[in-house]
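Beneath this line is the structure, given in structure tokens, with notes to follow.
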Amino acid sequence: MDHDDLGKSGFWIAQLFVVIATIIGVYLAAHAGLRQAIIFDSLTSQESSYYLRKSLHEELVDNVATLRAYANDTLSRNPPQSELVNSRPVLSRYVWDTMRYSPHTLEVPSGFLTGARRFGHEADAIIRKAEGRVYGAAFAATQMNDLLDRVEERLLPELRQNYESLARELAEQGIDVTVLKETE
């Protein structure tokens, strides 16, 4: 074993540079890794938020169609109260109910959450008032159609534009959200 190099300053300077280079290399690698992890987490979150927004939009579209048919086919005929109660529309609330358990719900702009909540609340209130004869059926049909018109003119197009914009942003980052082809 030759220990002659331990006394030379060149050996210690070389070892110091090796240690400094190692520390800098580890720092830079960790920094780059952290940056990539943050980007990956952000993109994954945006992708999940896209699917959540799209699903909420589709559920609202289905509910609008159901309520439009109810208003035009049932309420507009001014049927007896028993028929109103028996023909109460069943609204889809799977996505809305499931959203409370999703960590991505509050990433959806609050205007869309508020709009969807108000839509459900107002529709339920109109139905209850029609069934309880607080509103006449024809008046309830008018109220329901006004509500549905507002939702179709404002909330649904804005929500669609929002999730489509998010899809374009994700596509720019190389994430194709159309991979899950829909069957219609």
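All values below were derived from every heavy atom in this structure, side-chain atoms included, with hydrogens, water molecules and symmetry-related copies excluded.
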Could you check if a side-chain atom of [X] sits within less than 4.5 angstrom of a side-chain atom of [Y], using non-hydrogen atoms only?
X: Glu59; Y: Met99; value: no
X: Leu159; Y: Arg53; value: yes
X: Ile127; Y: Tyr70; value: yes
X: Gln46; Y: Gln173; value: no
X: His104; Y: Glu47; value: no
X: Tyr163; Y: Val177; value: no
X: Glu169; Y: Leu43; value: no

Least distance between heavy atoms, [X] atom then [Y] atom:
X: Gln81; Y: Arg133; answer: N-NH2, 2.9 Å
X: Leu148; Y: Leu67; answer: CD1-C, 3.6 Å
X: Val151; Y: Pro157; answer: O-CD, 4.0 Å
X: Ala123; Y: Leu147; answer: N-CD2, 3.6 Å
X: Leu113; Y: Thr105; answer: CD1-O, 3.6 Å
X: Leu75; Y: Ala130; answer: CD2-CB, 3.9 Å

key: Trace of the side-chain contact (heavy atoms from CB on, under 4.5 Å) decision for Asn145 with Asn72   = CA-CA 8 Å; Asn145 280 318; Asn72 293 336; 3.2 Å; yes

query = Can you check side-chain contact (heavy atoms from CB on, under 4.5 Å) on Arg68 and Asp149, steps first, answer last?
reply = CA-CA 9 Å; Arg68 183 79 69 190; Asp149 289 344; 3.0 Å; yes

inquiry  = Does Ile39, at its CD1 atom, have more than 12 non-hydrogen atoms belonging to other residues, nucleotides or ligands within less than 6.0 Å?
reply    = yes

Sole residue of Lys129, Arg117, Arg93 in salt bridge (Lys or Arg N to Asp or Glu O under 4.0 Å) with Asp124 = Arg93

task = Check step by step if side-chain contact (heavy atoms from CB on, under 4.5 Å) holds for Thr74 and Leu84.
result = CA-CA 7 Å; Thr74 303; Leu84 281 177; 4.1 Å; yes

ask   = Between Tyr135 and Phe139, what is the ring plane arrangement, given parallel below 30°, perpendicular above 60°, and tilted in between?
value = perpendicular

Looking at [atom1] of [X] and [atom2] of [Y], how far apart are the two atoms once the value is rounded to the nearest 0.5 Å?
X: Asn162; Y: His57; atom1: CG; atom2: NE2; answer: 10.5 Å
X: His121; Y: Ile126; atom1: NE2; atom2: CD1; answer: 10.0 Å
X: His31; Y: Gln36; atom1: NE2; atom2: CD; answer: 10.5 Å

request  = Spell out, yes or no, whether Ile24 and Leu16 are grouped together once hydrophobic residues are joined by side-chain heavy atoms under 4.5 Å, including indirect joins.
outcome  = yes

inquiry  = One pair to check against side-chain contact (heavy atoms from CB on, under 4.5 Å): Glu83 and Arg77. What are the steps and the verdict?
reply    = CA-CA 11 Å; Glu83 185 179 339; Arg77 290 186 296 105; 2.4 Å; yes

